[in-house]
Amino acid sequence: MLYKRPHSAVWWCRFTPPNSKQIRRSTQTAVKKDAEEYEAKLKSECWRQAKLGEKPRFSWQEAVVRWLEETEHKASHRDDVNLLRYLDQHLSTAFLDEITTDRVDAIARARKATGVKNATINRMLALISAILRRAERQWGWLDHAPALRRYAVSERRIRWLTHDEADRLLAELPEHLAEMARFTLATGLRAANVCHLAWNQIDLERRVAWIHPDQAKARRAIGVPLNTDAVLVLRRCQGKHLDRVFTYHGAPVAEANSRAWYKALERAGIEDFRWHDLRHTWASWHIQSGTPLHVLQELGGWASYDMVQRYAHLAPEHLAEHAARLETKKHILSTQTATATRK
């Protein structure tokens, strides 16, 4: 039977297939004739599955529901939800075996036409691929997941501040944001971890803090050693709030990327810089000060060594000995002669 839910214009169908449980499903249309056709098609498929042993077809909506249930623990769960809301307008009525390379390419082209960057489109394509691969390899809902092409993305250079630029920015920031920025430059923590840092995550006597697995991007606990700069920030924040470390007018800070942040950047004459680039600055300063990459990986809580390799070019000093092997004897002798003459 067809019916409408309260306060909804869309028709739903409900019936019980042979030797199966009752099915309730949205027809995704407010036109009754189209809803009747959808219901008839669905009933025919259920009959063929029950009587002829045909493999059932699963919809994109069913896959989305199962994906969200199984990946609720992911750090990017909220991002997945937002992308899936966008995709709903394109795939809400599709069965998994109807999602072809050409169909997804059309969705990607339509989004690119709105000015969305290639990297953002690639994240959407990666999510579609992940769902279809799981439907094929784990759930057995799909015979073959299509291969989806990605768009070319230029590598973003590492944006970091010099110490002078950092001092200039800190001087322009409101005090609550300046303290958060100082703490970030001392610890390298991500914006969300700084905003939500609680006093029960800190031991000032041992000079350590910790990020719980459910708060970390890689879903692994992070131990945070606190240097003197970080400790001084925390001592200035003591007594302002019972639970949270960083506050503004007595309330916990919810967002670092505020209007005040961008106005301070403008006053400091700093362009093309995000709050997350404070973390890049922290990592860059570490490398330039001689911190080994494997130590930086542990300090920053990165899941893979590849993530810290992007900073390696900032400290090429360890290659000087090898570069010297190609120096010509003539240049070496002239250098030695000039040194002897000066003596």
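In what follows, residues are counted from 1 in the order of the sequence shown.
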CG/L265 to CZ/R274 distance, rounded to the nearest 0.5 angstrom? 12.0 Å

R182/E175 salt bridge by N-O under 4.0 Å criterion: yes

Does NZ or CZ of K4 lie under 6.0 Å from the centre of the six-membered ring of W12, at an angle within 45° of the ring axis? no

With a 4.5 Å limit on heavy-atom distance, are the side chains of D80 and W67 in contact? yes

Main chain of V208, side chain of D203: is a donor-acceptor contact present, judged purely on distance under 3.5 Å? no

Okay, side chain of T101, backbone of P146: is any donor-acceptor separation there less than 3.5 Å? no

Would the distance check show the side chain of R190 and the main-chain N or O of A216 forming a donor-acceptor pair, the cut-off being under 3.5 Å? no

Is the W285 ring parallel, tilted or perpendicular to the H163 ring (thresholds 30°, 60°)? parallel

Contact check, side chains of L91 and R103, non-hydrogen atoms, under 4.5 Å: yes

Can you tell me how far apart CG (L68) and CG (L84) are? Round to the nearest 0.5 Å. 5.5 Å

Using 0.5 Å steps for rounding, measure from the CZ atom of R111 to the NE2 atom of H90. 8.5 Å

Look at the side chain of R244 and the backbone N and O of L242, then say whether any donor-acceptor pair between them is shorter than 3.5 Å. no

Donor-acceptor contact present, side-chain R168 to main-chain I270, <3.5 Å: no

Checking Q201 side chain against W210 main chain: does a donor-acceptor pair fall under 3.5 Å? yes

Would R149 and Y151 count as a cation-pi pair here, with the cationic atom under 6.0 angstrom from the ring centre and within 45° of the axis? yes

Does any non-hydrogen side-chain atom of M180 lie less than 4.5 Å from one of W275? yes

Flag the pair I99 / W60 as yes when at least one side-chain heavy-atom distance between them is below 4.5 Å, and no otherwise. yes

Dump the intermediate steps for salt bridge (charged side-chain N to carboxylate O under 4.0 Å, His left out) on K43 and E39, then the final yes or no. CA-CA 6 Å; K43 284 182 176 179; E39 181 187 31; 3.7 Å; yes

Check for a donor-acceptor pair, side chain of R267 on one end and backbone N or O of E172 on the other, with a separation under 3.5 Å. yes

